[in-house]
There are 2 protein chains.
Amino acid sequence: MQQLDVTFTALGDITRRAIIAKLAEGETALSTLAEPFDMSQTAVSKHVRVLSEAGLVFVEKRGRSRHCRLNATPMKEAIEWLTDYETFWNDNFASLARHFDKKKKDIEK
Amino acid sequence: MQQLDVTFTALGDITRRAIIAKLAEGETALSTLAEPFDMSQTAVSKHVRVLSEAGLVFVEKRGRSRHCRLNATPMKEAIEWLTDYETFWNDNFASLARHFDKKKKDIEK
DNA sequence: CTATTACTAAACCAAGTGGTTCAGTAATAG
DNA sequence: CTATTACTGAACCACTTGGTTTAGTAATAG
């Protein structure tokens, strides 16, 4: 499986997107993270595992708890893939400019 | 299932992303679309169905063939969701500006 | 030491996924 | 009319997913 496959698949679940949203506010222990969800901690733990295997979340064992931290970098590739199609939903000057600006940056690398 | 769920799930398959890439070059009949793939036309037809149910592809019956056309608009919501996390992988001024510019536009609506 | 907390592993389950083949329909070519 | 083409539906398969419960381990609190 490609990275984009696992990234998009990981994002294709509302619970996992909610976990990401929560982690954007800061590092959180798994137990705290699981609280608001109407499912077992085991289920949340499995979702975190999917996210961590996708590289979207870093998990660090600390004492008896697991601290989860967001790593958004895999999203970068996802947004870059999507941006290639931006002209298809919004073909105004701004989006074109943004598109070619991105390409320019790629060349400059 | 939410729209973002079906959008991200549909994008989480390399064959479906390849179909999208192909359709970006222009409307294509299903048979033509299926040719390059190492799988049955039935399998490709199923993938197109997933994409069409996600609203990413419009299918139009024309004679005995089905013409597939890309509709990238659902990607807009996906990219907007992802953009909220852009600061987490690239916290420079440009990305922050882009972020708040988007927010401003939301308010102006 | 004991009880509690935080978590994981394993077994299980129903439903979904991504592929197949086979059979059928509808449109077109000859 | 007949053969071919383009496709879909249905049945089937192995595997995955998203949840459960149960049982266990490891760390901490008291």
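Proteins come first, then strands; the chains are lettered A, B, ... in the order of their sequence lines, and each starts at number 1.
Within the 4.0 Å cut-off from OP1 or OP2 of D/dC7, not a single side-chain nitrogen or oxygen of B/Ser45 is found. Between C/dA9 and A/Arg49, a contact under 4.0 Å exists linking OP1 or OP2 to a side-chain N or O.
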Show me, pair by pair, the donor-acceptor contacts under 3.5 angstrom made by side chains of residues 56-68 of chain A, not counting sequence neighbours?
{"residue": "A/Glu60", "atom": "OE1", "partner": "A/Arg62", "partner atom": "NH1", "Å": "3.0"}
{"residue": "A/Glu60", "atom": "OE2", "partner": "A/Arg62", "partner atom": "NH1", "Å": "3.4"}
{"residue": "A/Arg62", "atom": "NH2", "partner": "A/Glu27", "partner atom": "OE2", "Å": "2.5"}
{"residue": "A/Arg62", "atom": "NH2", "partner": "A/His67", "partner atom": "ND1", "Å": "3.4"}
{"residue": "A/Ser65", "atom": "OG", "partner": "A/Arg62", "partner atom": "O", "Å": "3.1"}
{"residue": "A/Ser65", "atom": "OG", "partner": "A/His67", "partner atom": "NE2", "Å": "3.3"}
{"residue": "A/Arg66", "atom": "NH1", "partner": "A/Arg64", "partner atom": "O", "Å": "3.4"}
{"residue": "A/His67", "atom": "ND1", "partner": "A/Glu27", "partner atom": "OE2", "Å": "3.4"}

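B/Thr7 and B/Gln3 are linked by a side-chain donor-acceptor pair at a separation below 3.5 angstrom, with hydrogens and angles left out of the test.
Atom-to-atom, CD of B/Glu35 to P of D/dA6 comes out at 9 Å; the value is rounded to the nearest Å. In this structure, the CG atom of A/Asp5 is 14 Å from the C1' atom of D/dT16, given to the nearest Å. Put simply, CG on B/Leu11 is 16 Å from C1' on C/dT17, counting in whole angstrom units. B/Ile14 places its CD1 atom 16 Å from the C1' atom of C/dG19, with the value rounded to the nearest Å. Rounded to whole angstrom, the span from the CG atom of B/Leu33 across to the P atom of D/dT5 amounts to 19 Å. Taking atom CZ of B/Arg66 as the reference point, atom C1' of C/dT28 lies 13 Å away to the nearest angstrom. To the nearest angstrom, C1' of D/dA26 lies 6 Å from NZ of A/Lys61. Regarding B/Glu53, its CD atom lies at a distance of 12 Å from the P atom of D/dT8, rounded to whole Å.
For the pair A/Arg16 and A/Thr9, the tightest heavy-atom approach, listed with the atom from each and the gap, is NH2-O, 3.3 Å. A pairwise comparison of heavy atoms in B/Tyr85 and A/Ala72 identifies O-CB, 4.0 Å as the closest pair.
Note that CG of A/Leu23 and CZ of A/Arg69 are 10.5 Å apart. Values are rounded to the nearest 0.5 Å.
With a 4.5 Å cut-off on side-chain heavy atoms, B/Phe88 and A/Ile20 do not count as touching.
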Review item, nucleotides 17-20 of chain D N/O atoms under 3.5 Å of protein N/O:
{"residue": "D/dG18", "atom": "OP1", "partner": "A/Arg16", "partner atom": "NH2", "Å": "3.4"}
{"residue": "D/dG18", "atom": "OP2", "partner": "A/Arg16", "partner atom": "NH1", "Å": "3.1"}
{"residue": "D/dG19", "atom": "OP2", "partner": "A/His47", "partner atom": "NE2", "Å": "2.1"}
{"residue": "D/dG19", "atom": "N7", "partner": "A/Lys46", "partner atom": "NZ", "Å": "3.2"}
{"residue": "D/dG19", "atom": "O6", "partner": "A/Lys46", "partner atom": "NZ", "Å": "2.3"}
{"residue": "D/dT20", "atom": "OP2", "partner": "A/Ser40", "partner atom": "N", "Å": "3.1"}
{"residue": "D/dT20", "atom": "OP2", "partner": "A/Ser40", "partner atom": "OG", "Å": "2.7"}

